[in-house]
4 protein chains.
Amino acid sequence: MQEEKPPRREREKLRQRQEMLAVALNLFSEKGYHNVSMHEVAERAEFAIGTLYKFFRNKEDLYKALIMEMAAEYHNALSSVLSRQGDILTILNDYISAKMGIFDGNLATLRLYFAETRGASFNIKAGLDKDIRKLYDKLVRQLALTLKKGIRENVLRKKDPYYMAVALEGITNAFLFYGLEDPDRHSYEANVSLIRDMFFKGVLAK
Amino acid sequence: MQEEKPPRREREKLRQRQEMLAVALNLFSEKGYHNVSMHEVAERAEFAIGTLYKFFRNKEDLYKALIMEMAAEYHNALSSVLSRQGDILTILNDYISAKMGIFDGNLATLRLYFAETRGASFNIKAGLDKDIRKLYDKLVRQLALTLKKGIRENVLRKKDPYYMAVALEGITNAFLFYGLEDPDRHSYEANVSLIRDMFFKGVLAK
Amino acid sequence: MQEEKPPRREREKLRQRQEMLAVALNLFSEKGYHNVSMHEVAERAEFAIGTLYKFFRNKEDLYKALIMEMAAEYHNALSSVLSRQGDILTILNDYISAKMGIFDGNLATLRLYFAETRGASFNIKAGLDKDIRKLYDKLVRQLALTLKKGIRENVLRKKDPYYMAVALEGITNAFLFYGLEDPDRHSYEANVSLIRDMFFKGVLAK
Amino acid sequence: MQEEKPPRREREKLRQRQEMLAVALNLFSEKGYHNVSMHEVAERAEFAIGTLYKFFRNKEDLYKALIMEMAAEYHNALSSVLSRQGDILTILNDYISAKMGIFDGNLATLRLYFAETRGASFNIKAGLDKDIRKLYDKLVRQLALTLKKGIRENVLRKKDPYYMAVALEGITNAFLFYGLEDPDRHSYEANVSLIRDMFFKGVLAK
DNA sequence: CATGAATGAGGGTTCATTCAT
DNA sequence: AATGAATGAACCCTCATTCAT
């Protein structure tokens, strides 16, 4: 009665793939792409090097898969927040909370993510970053749409919503980044509330 | 009357060094540290490989010199703006203009600078980034001091000045970054005015 | 019935290692450590350079393995002669024969061995020679113990046995060395008998 | 009144050459031929690298000059002892004393000399050692002639004088070598008397 | 089908030597 | 005549990738 062999096999394969990706995430995040060898990944994941190459055509492929799956998960989560119906300010508040929350306690992901979206992917290979930048830009544009709705509803000031989105991304990233550098500086909730306050009201007195 | 031989030699040496650094800046920024070989740098700079090594003890040394000199120049410029006497808002406006202006038309520098300060230096070598992070943090703290003065003078709201500084850095970096990605999206002056507006007044209507 | 796969693999590996060491021995002995490149060793052994590095961590490691295994074999052989029970003079005669015999028709080994024990290892790397010197000194001391027994039994004159050992080593080495320089000067047996005669009776008439 | 310019110039040149050779001797002896660079020699001797090359065509030339001048001095000294008229045993005693005395307190020379004559010159360059070996062999042959005379005069036993010479060289070298390894083991005079005793009378009791 | 031994291109670095000043 | 900046061949070593078992 081994009627369901394929699914089991399938599941097993997936599990192995996840294991490899998890190991790669930690190693890349810790030491950087070029300071991690394929042998190291294989060894830490307890697979033979050949097996690793069965799953990923080459090192770049492994890296790309890692980044893209990570990014997809992240963007889906945030995108779903932005797709909610209801009060604009609630949505934006939720967006900020969600973004800050995702990386909370997830340093490895955060580090790699920044490396890719904030400027250093060229350290790895030209062109590898095109796809993820596109994904990221899609999210920013979706955020801009939400902001635009806020403007139409007179909740937000009449400013270019795309640049508003860029500004919000900038502030949240900056706080994430400082949390990364100095993990115990502030609690995640405190940061969330600071970001909201600053983004919505600005810094000017009165 | 060739009494000043040393200075000429000295100047010549400096010129060569600058030439090497310029080539390295472009290559590193274009292809990433690990995808540029010392031979490539030497060849593009039209020196023999041995000559390159006369100026920089090794590849890391070359990279570090490049980053640190770039950062020092940048930080000195901004630091001097923050040190000016006078109206807080003027100083902050000048700071934003200066920061945006420095990288205007200086993509290679900007890319490398971001790679180092915004997360990807671990792709190169652990420890290489300590110094520049320190430099950067010093600047943020100086910015925070200026903001603090603004708070005392009741020009700015009573918020933690360090986090205000972080937010300002986040917004400016985000705009720099988007300019980097898509160079013709907006003029530098437009960006400057957008940043000021958003940072000072926030996005909320009324 | 191929139940014993590991041993076959093991044997194969050992054979390869021996092959590499043999090639290295000949090359180092012929041209000297610094005039032999790892590529040359790999090529002559008909392996890829990477394979060579799988067996020896680096050039020094290869050299050290070569010297130490050579020395261990040599010292074990001589040590076992000295450990025999029985007549002192027989033991000493056997020692001389064994020492002369070992290097007979083994020029490459002899050359390297002398290079290491007789003064030139500093040409390679400080510290590499500590271990082998220790090994050699152990043998000299063991020889001294045998001589001491000969003194106690009144077979040998009452002289410091360590210096007697040094003298015997000196004479045998000198003959080995001259055989090395000029291989056809004398047969190995003739040298053995000359050494015995000279060492035991001295050169003075009457 | 500068009538004697050439001689002064000449003398000055010679002094510089000696200085370079002295520095080279110390460096080569300390670190080995291949671990000393021409720049290092030039720097320690406080000359420009170009000047060093004015005196010695290349590194090998420097090394060869060093070895040959050292050897010539050494061999002249010993040769003159062997050329003396008089009692054979006195001459041999003087020879042993002279040989041991030459290297006493002259470790650097001793080390290099052994490296060259006792087996390791091939570490440097094939062919470099031919000349010095010839020189050395000449000395051994001269020693053999002296011993032959001793045999004819019935002072020494009727053995092949060349091999007697080889044996004496072996013993003296061994003692020199042990003194080198462990400088405070024995005084030079004690060694000289041990060598004489052992070489002349052998080790057999009665 | 998984394995891991074998490959070799390519990279960082050194240093003997030259030659314009 | 002395200098030392410049050269580039050659070396040691790593690691992504392949393929026979």
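Not measured: the values here are computed from a predicted model.
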(request) On DNA chain E, check which nucleotide each of N58(B) and A48(C) is closest to and give me the residue with the more 5' one. (result) A48(C)
(request) Can you tell me the distance, in whole Å, between the CD atom of E60(B) and the C1' atom of dG12(E)? (result) 12 Å
(request) Please identify each residue that fulfils side chain to side chain contact (heavy atoms under 4.5 Å, CB included) with A42(D), with sequence neighbours left out. (result) I49(D), L52(D)
(message) Quick check on dA2(E): is either OP1 or OP2 less than 4.0 Å from any side-chain nitrogen or oxygen of T51(A)?
(response) no
(request) Rounded off to whole Å, could you give me the CG-to-P distance for the L52(D) and dA16(E) pair? (result) 10 Å
(request) Kindly compute the distance separating CG (L27(D)) from CG (N35(D)), expressed to the nearest 0.5 Å. (result) 11.0 Å
(request) Would you mind reading off the distance between K13(C) atom NZ and dA5(E) atom P, rounded to a whole angstrom? (result) 5 Å
(message) From CG of L62(B) over to P of dG12(E), roughly how many Å is that when rounded to an integer?
(response) 11 Å
(message) Tell me the interatomic distance from I49(D), atom CD1, to dC15(E), atom C1', rounded to whole angstroms.
(response) 9 Å
(request) Verify side chain to side chain contact (heavy atoms under 4.5 Å, CB included) between R17(A) and F56(A), making sure each step is shown before the conclusion. (result) CA-CA 9 Å; R17(A) 197 185 134 94; F56(A) 305 96; 3.6 Å; yes
(request) Look at the aromatic rings of F28(A) and Y63(A) and report parallel, tilted or perpendicular, splitting at 30° and 60°. (result) perpendicular
(message) Rounded to whole Å, how long is the line connecting atom OH of Y33(B) with atom P of dG11(E)?
(response) 13 Å
(message) With nearest nucleotide decided by heavy atoms, which residue, R57(A) or G50(D), maps closer to the 5′ end of DNA chain F?
(response) G50(D)
(request) Check the distance between dT3(F)'s C1' and F55(D)'s CZ and give it to me in whole angstrom. (result) 13 Å
(request) Using whole Å, report how far NE2 of H34(B) lies from C1' of dT14(F). (result) 13 Å
(request) Validate the cation-pi geometry between K13(B) and F55(B): distance from NZ or CZ to the six-membered ring centre under 6.0 Å, angle to the ring axis within 45°. (result) yes
(request) For A108(B), enumerate each residue passing the side chain to side chain contact (heavy atoms under 4.5 Å, CB included) test, keeping only those at least two apart in sequence or located in another chain. (result) L25(B), N26(B), S29(B)
(request) Could you summarise the pairing of DNA chain F as dot-bracket text, marking Watson-Crick and G-U pairs under 3.5 Å with ( ) or [ ] inside the strand and | across strands? (result) .||||||||||||||||||||
(message) Tell me every residue that passes side-chain hydrogen bond (donor to acceptor under 3.5 Å, both in side chains) with E19(A), counting only those two or more places apart in sequence or in another chain.
(response) none
(request) Check each residue of residues 37-47 of chain C for a non-hydrogen atom within less than 4.0 Å of any atom in DNA chain F, then write out the ones that pass by number, or none. (result) S37(C), M38(C), H39(C)
(message) Here's a test of your reading of the structure: between Q16(B) and K54(C), which maps to the more 5' nucleotide of DNA chain F?
(response) Q16(B)
(request) Give the intermediate values and the outcome of salt bridge (Lys or Arg N to Asp or Glu O under 4.0 Å) for residues R15(C) and E12(C). (result) CA-CA 5 Å; R15(C) 214 189 43 69; E12(C) 175 63 8; 3.3 Å; yes
(message) Test: side chain to side chain donor-acceptor pair (under 3.5 Å). Region: residues 42-58 of chain A. Which pairs qualify, not counting sequence neighbours?
(response) none
